[in-house]
Peer 1: 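My structure is below; once you've seen it, I'll send some questions.
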Amino acid sequence: MTLTVLAAMVRKDLMLFFADRRSVIMAFAVPILVASFFGSVFSGSSSDAEPARIAIAVVDQDGSTISKAIVSGLQGDRNLNVAVPTEEDARASVTRGRTSVAAIIPKGFGDAAGQAFFGSAPKPALDLLFDPSRSAEVAMVRGILTEHVMQAVSREMFGGAQGRQYVERMLPQIESSQTLPPDQKRLLVQMLRTVQDFYNQPNQTAQTAGPGLSMPYTVRERAMTANTNAGYNGYAHSFAGMGIQFLLFAMANLGIEVLLERQQGLWKRLRSAPLSRTTLLAGKTISGTIISLLTLFVSFGFAIVVFKVRISGSVVGFLAVSLACSLMASTFGLLVAALGKTPATARGVTTLAVLMMVMLGGAWVPTFIFPAWLQQATLVVPARWAVDGLDAMTWRGIGLAGAVLPTLMLLAFAVLFGGVAATQFRWEE
Amino acid sequence: MLIINSLRKTFGSLVAVDDVSFSIERGQLVGLLGPNGAGKTTTVSMIAGLVTPDRGEVLIAGRRLAGDTDPAKRRIGLVPQDVALYDDLSARDNLRFFGALYDFRGRALEERMANALALVGLADRARDKVKTFSGGMKRRLNLAAGLLHDPDILLLDEPTVGVDPQSRNAIFDNLETLKQRGKALLYTTHYMEEAERLADRIVVIDHGKVIADDTLAGLTGGVVAVAGQRPTLESVFLTLTGRSLRD
């Protein structure tokens, strides 16, 4: 008898689910749309892809060889999109958020920077105006700017006209200095004469200045995944995260449907039949699990076909995590049905609960940006295990072993939610 | 067929039902009357197994009803006060689901569905979604869902609320048919004329207690006629329960 009843309950719930166009759209179309968007944003750049450029403005009030070289260097940088407006326009552009950073090279910067290069003069200030909402970009621009300023100043000082003039001006001053210790004076004069000899070589002119200081290393970057054939695909993570989010929403909705059934007297009919409480809860759990699995599989199916997401780890592991995740979500729906008083209040509370769960679970932004204590705290959030498990089985390419812990944790959450729901459910009508 | 013995139910400090006893024979319709909050629905809920009594017992054909899965519950059909149907499913799909709860399937289920739909005059709308039905049609289908498993006892909790006269009349005809088939019917209502027309016996309940249990003639016979007017069930009811508002 139980099987007939369970089959009937599942059939009925599936029919109701597919009869409700809003539920279907929320469960299938919306996660795909949102995950596609997040995937495109966070998918990372491939080697041949054009990186997103940071918009900056450079105001050259100096007009020196060095400042011009700095502007030229910045304009040639593949990470930047450089505009050269007036100071007033640059300020307005940053204020309105159109430009992340504006660098103002003040008058006399080139001269002062050249003198400060050998450490004998005060360092000139370079003004950086930035949009406070884009501090990450400011840090990046600061680094790029440092590289180009060092390159421009060193090139000029080691081979440009300004460097020659500086050496010619400094040599007599050092030779006639009464304050420098004789040893230091001798060494400094020796160094500057060597530089002067370098300038006076036949093939050295002001126009053929050397490259200046440059980065003394290059970087070989390798994305690490467990499976050498697996590559990072941002869509895999976004479909996992958004899949979990909308699956939890769908199941919370299933719980709210139970509250509506209670309001409509339908639960009285169910309770008046000779059915155990276990059968009634099991029927709801199975329906929810099937709907959750469908949601997840349709989302990932789309991601596999359209965005070339691959299950680079274990297919069995992927299925195990998906099943455990669906079971967890389904029992979460039961929890909503058990603890909710009315559909309206339950809807508000569960929306907040789901959003908190997926946010802390790393579905929106990776958990590594959280403070250390919060990263530890998210271990008690089921969405974290679901996202980690699905990530492990897809782009991380970890084998079946990587699915064991997330699956067990999700099953433990399912037992916890189901247990609380069973004890807290209002059985009396 | 159905014996209620000293049922009592409290919700916190509120005594909803207190020592309620009555019985219903085969082929008999008992009207359960009472003002709002008198304890009618709680009594029906205890008989249907939805609420566990604090004390007392419900006997079905002499056997005590015990637990959620008691097979004796198969002998009870409930027609709730609300239209307890799935609006997004067809009439057939609703009945198929409710029939499956009693382990009916295949041809047996099809036959029961056809009979129930024919009884309430909805055979030609079987495949239509419930949300397209009028209020009266929904009430009739609500009744069909309650008797799909052919119960010996049918509990009807205000089954004609918000129904037009035609549908109400059709429901009355259905109930007469069920009585003739030997079913025991418990019918709660606020409409006195319904009880006058249908009930073989009337139980009046107030403040959780049974304050009258008799036939219509027995109840009206005990009240003195005023100005030569024969007492009605309503005047008897108001005499028994008072005229103060029960909100």
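Remember, predicted model here, so these are calculated numbers, not experimental data. The chains referred to below are lettered A, B, ... by the order of the sequence lines, with proteins before strands, and numbering in each begins at 1. Just the heavy atoms: all of them, side chains too, but no hydrogens, waters or symmetry mates, feed the values below.
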Peer 1: Is the count of non-hydrogen atoms from other residues, nucleotides or ligands lying under 6.0 Å from B/Arg105 atom CZ greater than 12?
Peer 2: no
Peer 1: Return the minimal non-hydrogen interatomic distance between A/Leu16 and B/Leu89, and the atom names on each side.
Peer 2: CD2-CG, 3.7 Å
Peer 1: With a 4.5 angstrom heavy-atom cut-off, is it the side chain or the backbone of B/Ala145 that approaches chain A, or both, or neither?
Peer 2: both
Peer 1: On a heavy-atom basis, which atom in B/Thr69 and which in A/Leu275 lie closest, and how many Å separate them?
Peer 2: CG2-C, 3.7 Å
Peer 1: Under a 4.5 Å heavy-atom cutoff, which of B/Val83, B/Val79, B/Ile76, B/Asp93 has the most pairs with chain A?
Peer 2: B/Asp93
Peer 1: Which atoms form the tightest heavy-atom contact between B/Asp70 and A/Pro274, and what is the distance?
Peer 2: O-CB, 3.7 Å
Peer 1: Is chain A contacted by the side chain of B/Lys131, its backbone, both, or neither, given a heavy-atom distance below 4.5 Å?
Peer 2: neither
Peer 1: Hey, could you give me the OG1/CG distance between A/Thr4 and B/Leu109, rounded to the nearest 0.5 Å?
Peer 2: 10.5 Å
Peer 1: With distance as the sole test, does A/Arg269 use its side chain to make a donor-acceptor pair with the main-chain N or O of B/Ala84 at under 3.5 Å?
Peer 2: yes
Peer 1: Decide yes or no on side chain to side chain contact (heavy atoms under 4.5 Å, CB included) for B/Phe97 and A/Leu270, but give the supporting numbers first.
Peer 2: CA-CA 10 Å; B/Phe97 171 62; A/Leu270 298 179; 3.6 Å; yes
Peer 1: Do you know the tightest heavy-atom contact between A/Lys268 and B/Thr41?
Peer 2: NZ-CG2, 4.5 Å
Peer 1: Only heavy atoms, only distances under 4.5 angstrom. Which residues in residues 320-355 of chain A are near chain B?
Peer 2: none
Peer 1: What part of B/Thr42 lies closer than 4.5 angstrom to a heavy atom of chain A: side chain, backbone, both or neither?
Peer 2: neither
Peer 1: Is it the case that the side chain of B/Lys73 and the backbone of A/Arg271 share a donor-acceptor pair, with hydrogens and angles ignored and the cut-off at 3.5 Å?
Peer 2: yes
Peer 1: Please classify the contact of B/Asp88 with chain A as side chain, backbone, both or neither, using a heavy-atom distance under 4.5 Å.
Peer 2: both
Peer 1: What part of B/Asn142 gets within 4.5 angstrom of chain A, counting heavy atoms only: side chain, backbone, both, or neither?
Peer 2: both
Peer 1: Pick from A/Ala273, A/Gly283, A/Ala8, A/Ser276: which one has the most heavy-atom pairs with chain B under 4.5 Å?
Peer 2: A/Ala273
Peer 1: Is A/Phe37 atom CZ crowded by more than 12 heavy atoms from other residues, nucleotides or ligands, each under 6.0 Å away?
Peer 2: no
Peer 1: Please rank A/Gln263, A/Lys12, A/Gln264 by heavy-atom pairs under 4.5 Å with chain B and give me the top one.
Peer 2: A/Lys12
Peer 1: Check the surroundings of atom CZ in B/Arg55: do more than 12 heavy atoms from other residues, nucleotides or ligands lie under 6.0 Å from it?
Peer 2: no
Peer 1: So which part of A/Glu261 gets closer than 4.5 Å to some heavy atom of chain B, the side chain, the backbone, both or neither?
Peer 2: side chain
Peer 1: Measure across B/Ala100 and A/Val5 and return the closest heavy-atom pair with its distance rounded to 0.1 Å.
Peer 2: O-CG2, 3.5 Å
Peer 1: What heavy-atom pair brings B/Phe98 and A/Leu266 nearest, and what distance separates the two atoms?
Peer 2: CZ-CD2, 3.7 Å
